[in-house]
There are 2 protein chains.
Amino acid sequence: MKDRKAKQQEVGQIAAQLRQQGNRVTPQRRAILRIIQEQEGHLSADEIYYLARREIPRLSLSTVYRTLDLLKDLHLVSELHLAGNHYLYEAQSGEHQHLVCVSCGKVVEFQCPHCSETHRQLAGRHGFKITGSRVELFGYCQECTSARSN
Amino acid sequence: MKDRKAKQQEVGQIAAQLRQQGNRVTPQRRAILRIIQEQEGHLSADEIYYLARREIPRLSLSTVYRTLDLLKDLHLVSELHLAGNHYLYEAQSGEHQHLVCVSCGKVVEFQCPHCSETHRQLAGRHGFKITGSRVELFGYCQECTSARSN
DNA sequence: GTATGTGCAAAGGTTTTGCCCCAAC
DNA sequence: GTTGGGGCAAAACCTTTGCACATAC
């Protein structure tokens with residue numbers, strides 16, 4: 001887990017990157033970026049909207065979506081679709097996979113570099129050039145498994 | 001790939017399973033089930049609706065969704081969320097992974113039993129009891145890669 | 001100053017729900 | 001005959017879009 005200072009720096013770097021690529025750095029984008037960076041977990045567009053409005057009360061949801069689209073294009077955030085009808089967003093920070101509890105909704109990240117590599121090779125055999133991946137395993141977490149057996 | 005006879009039998013078995021669990025077997029459910037079984041690829045709710053209406057013209061979209069929900073609960077079909085705002089459905093038939101072309105939308109299935117097993121073990125270390133998984137690799141297929149380099 | 005970004009409101013598309021009738025058991 | 005399921009229409013939901021105004025550069 002990175003400390004606050006590192007994250008502030010990261011937001012700064014990303015802002016610079018945005019500017020370099022001809023995009024403007026607005027307070028809205030800064031706020032959304034920071035919220036995603038500071039949050040360890042995963043956020044829905046609506047949650048980001050809610051949090052960002054504490055700083056920018058007149059922020060609109062469409063700006064959140066537009067900003068997320070932009071950040072997705074730049075591969076700075078990634079979009080997950082875990083359950084129900086909404087997306088979750090998270091800062092792009094290396095390859096990782098998700099464990100999702102279908103009972104309580106908890107999401108745990110884990111790493112499996114070997115599988116990532118294997119997947120990449122297999123994809124290559126099908127002529128695919130991989131740019132991203134999404135691995136989600138569904139099941140019951142420890143707590144929910146215990147709760148269910150009672 | 002299973003032949004037609006095997007699939008008809010499968011639909012029959014599933015119908016029996018439905019009945020056993022206290023659900024009724026209606027022509028609508030039969031039709032939807034058969035369509036999903038017969039289709040090798042992935043279908044959206046709307047495509048299923050379109051196909052099923054050839055047999056049951058008065059079928060409604062809500063019935064398609066309700067049936068899919070039921071089949072999902074019984075783990076007879078699985079739901080994918082690949083891109084944009086829609087879901088795709090497919091018959092639950094063993095573990096497999098998806099390659100998705102972000103350019104043309106093509107979806108290719110592939111197998112990686114070793115990764116599946118590894119994932120299961122890793123999940124166990126986090127206390128998770130896995131019931132399902134979704135592995136999607138995004139990238140460019142051969143055709144789109146060529147097209148882009150021109 | 002100019003082009004990009006924003007807020008607002010309205011549209012868009014997909015999925016869900018309520019209600020009454022119908023049909024599987 | 002009961003009770004779960006279906007059709008229809010409307011609602012709900014999240015996301016996208018159009019447009020005029022604001023603002024980062």
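Computation of the quantities below employed the complete heavy-atom set of this structure, encompassing side-chain atoms and omitting hydrogens, waters and symmetry-equivalent molecules.
- Computed from coordinates, the B:Leu70 CG to C:dT16 P distance equals 13 Å when rounded to whole Å.
- For the pair B:Arg29 CZ and D:dG5 C1', the computed distance is 6 Å after rounding to whole Å.
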Sugar-phosphate means primed atoms, P, OP1 and OP2; the rest is base. With that split, encode nucleotides 20-25 of chain C 5' to 3' as B, S or - using protein heavy atoms under 4.0 Å.
-> ---BBS

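- The distance between atom CD1 of B:Ile32 and atom C1' of D:dG7, rounded to the nearest whole Å, is 13 Å.
- By the 4.0 Å N-to-carboxylate-O rule, B:Lys72 lies close enough to B:Asp69 to be salt-bridged with it.
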Would you tabulate the side-chain donor-acceptor contacts of residues 19-28 of chain B under 3.5 Å, counting partners in other chains and residues two or more places apart, or write 'none'?
unit_1  : atom_1 : unit_2  : atom_2 : d
B:Thr26 : OG1    : B:Arg29 : N      : 3.2

Pull out every protein N or O sitting under 3.5 Å from an N or O of nucleotides 8-10 of chain D, one pair per line with the distance.
unit_1 : atom_1 : unit_2  : atom_2 : d
D:dC8  : OP1    : B:Arg58 : NE     : 3.4
D:dC8  : OP1    : B:Arg58 : NH2    : 3.2
D:dC8  : OP2    : B:Arg58 : O      : 3.3
D:dC8  : N4     : B:Ser62 : OG     : 3.1

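- Residues in residues 49-60 of chain A take part in these salt bridge (Lys or Arg N to Asp or Glu O under 4.0 Å) pairs, two or more places apart or across chains: A:Arg34-A:Glu55.
- Across the protein-nucleic acid pair, B:Leu61 atom CG and D:dG7 atom C1' stand 12 Å apart, rounded to whole Å.
- With rounding to whole Å, A:Arg30 atom CZ is found 13 Å from C:dT6 atom P.
- Put simply, CG on B:Leu71 is 14 Å from C1' on D:dG5, counting in whole angstrom units.
- Between the P atom of D:dT16 and the CG atom of A:Asp46 lies a distance of 14 Å, rounded to the nearest Å.
- A sub-4.0 Å separation between OP1 or OP2 of D:dG7 and a side-chain N or O of B:Gln28 is present.
- Note: A:His119 and B:Phe110 have perpendicular aromatic rings, judged against thresholds of 30 and 60 degrees for the angle between ring planes.
- Regarding A:Ile48, its CD1 atom lies at a distance of 14 Å from the C1' atom of D:dC14, rounded to whole Å.
- Applying the 4.0 Å criterion to OP1 and OP2 of C:dT6, one finds that A:Thr63 has every side-chain N and O outside that range.
- In this structure, B:Thr63 and B:Ile32 approach most closely via the heavy-atom pair O-CD1, 4.3 Å.
- Contacts of A:His114 classified as ring-ring contact (aromatic ring centres under 6.0 Å, His included), with partners at least two apart in sequence or in another chain: B:His114.
- Counting all heavy atoms, side chain and backbone alike, B:Ile36 lies closest to B:Leu43 at CA-CD1, 4.4 Å.
- For B:Asp46, the side-chain contact (heavy atoms from CB on, under 4.5 Å) partners at least two apart in sequence or on another chain are B:Ser44, B:Tyr49, B:Leu61.
- Taking CG of A:Leu71 as the start and CZ of A:Arg66 as the end, the distance is 13.5 Å to the nearest 0.5 Å.
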